[in-house]
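Just so you know, residue 1 is the first one in the sequence shown, and it goes up from there.
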Amino acid sequence: KKTNRWNNFKRKIGEEPVILDSELTRQSVSNIHAFLSSCGYFSSEVDCYVDTMFHKKKARLTYSVKQNQPYRLGDISYDFKDRFLQPVILSDTIMTLLRSGDIFNVTTLNSERKRITEFLRKRGYYDFTINNIEYKYVLVKDNDGTAYVPAWVFTLDPMGSNDYLYAKDFYEYLDILNKNSHCLHL
């Protein structure tokens, strides 16, 4: 190894050669498939082809992606762990970001969770967090090949993470206590 100034300069400005790593290639295929699944393409197919004959000491990677048919949203339902949430949430369903027939998208789902959380906080549920809302779904394919998510269940549980319910309106809060307690009479 030469240690003169010219060789040291060349070592500093150059980059180490990149070596083809088959594990990183498999990880890239997995990442692409995960992204497509989050966009509703659960039955997508991703392959990677390595061409080492392209150029001497170089490889060319070609990723082949077949999206197939996307899964679409079906009906949306809610499971209320706190019955006082039902009228509040159902009064705002016109503003939902989820529409039956839309393509499944995790980003839209998370945006809906955030929207519901902000809506509830504006109405006095100050400790309600996005983690109090979970969603469940099932993937189904019809005989004709139509792929869809038939039912969405949003579980809203304000006490799910040991949060407490705070109501803006004092009288509404007293009404809740009155209905849940036999000791409080106004």
Exercise for review: State yes or no: do L90 and L85 share one hydrophobic cluster built from I, L, V, M, F, W and Y residues joined by side-chain heavy-atom distances below 4.5 Å, directly or via other members?
Suggested key: yes

Review point. For D47 and V65, what are the C-alpha separation, side-chain angles and deciding distance, and is it a side chain to side chain contact (heavy atoms under 4.5 Å, CB included)?
Key: CA-CA 7 Å; D47 291 313; V65 178; over 6 Å; no

Exercise for review: Verify the neighbour count for atom CZ of F35: are there more than 12 heavy atoms of other residues, nucleotides or ligands below 6.0 Å?
Suggested key: no

Exercise for review: Could you go through the salt bridge (charged side-chain N to carboxylate O under 4.0 Å, His left out) check for D92 and R115 one step at a time?
Suggested key: CA-CA 10 Å; D92 187 52; R115 187 195 69 77; 2.3 Å; yes

Point to revise | Pairwise side-chain contact, N110 with K114, heavy-atom cut-off 4.5 Å (strictly under) | key: no

Exercise for review: Considering non-hydrogen atoms only, spot the tightest contact between I103 and C39 and give its length.
Suggested key: CG2-O, 3.4 Å

**Study point:** Atom of G74, atom of S100 and distance for their closest heavy-atom approach
**Key:** O-OG, 3.5 Å

**Study point:** Closest non-hydrogen atom pair, V46 against V29
**Key:** O-CG1, 3.6 Å

Check your understanding: Any side-chain heavy atom of L98 within less than 4.5 Å of one from L109?
Key -> yes

**Study point:** side chain to side chain contact (heavy atoms under 4.5 Å, CB included) between V50 and L20, worked out
**Key:** CA-CA 9 Å; V50 180; L20 180 63; 3.5 Å; yes

Review point. Got V106 and Y135 here, is their nearest side-chain heavy-atom distance under 4.5 Å?
Key: yes

Check your understanding: Would you say the side-chain atoms of T25 pair up with the backbone N or O of D21, donor to acceptor, closer than 3.5 Å?
Key -> yes

Review point. If we ignore angles and hydrogens, is there a donor and acceptor under 3.5 Å between the side chains of E112 and T96?
Key: yes

Point to revise | Verify same cluster id: I130, I76 (apolar side-chain graph, 4.5 Å) | key: no

Check your understanding: Y126 versus L120: any side-chain heavy-atom pair under 4.5 Å?
Key -> no

Exercise for review: Please tell me if the side chains of F119 and F128 come closer than 4.5 Å, counting only heavy atoms from C-beta onward.
Suggested key: no

Point to revise | Straight-line distance of R72 CZ to N105 CG, nearest 0.5 Å | key: 12.0 Å

Point to revise | Any donor-acceptor N/O pair, H33 side chain to E45 backbone, under 3.5 Å | key: no

Check your understanding: Is the centre of the Y41 ring less than 6.0 Å from the centre of the Y71 ring?
Key -> no

Check your understanding: Are L73 and L36 grouped together when hydrophobic residues (ILVMFWY) are joined by side-chain heavy atoms under 4.5 angstrom apart?
Key -> no

**Study point:** Exam field: side chain D51 to backbone R60, donor-acceptor pair closer than 3.5 Å
**Key:** no

Check your understanding: With a 4.0 Å cut-off, would you call E23 and R26 a salt bridge?
Key -> yes

Study note, to complete from the structure: All heavy atoms of S37 vs all of F104, minimum pair found to be O-CE2, 3.8 Å

Point to revise | Heavy-atom check, side chain of Y78 versus side chain of T93, under 4.5 Å | key: yes

Review point. Side chains of T129 and N132: is there a donor and an acceptor less than 3.5 Å apart?
Key: yes

Review point. Does any non-hydrogen side-chain atom of F80 lie less than 4.5 Å from one of V88?
Key: no

Study note, to complete from the structure: Rounding to 0.5 Å, atoms OG (S43) and CG (N68) come to a distance of 4.5 Å

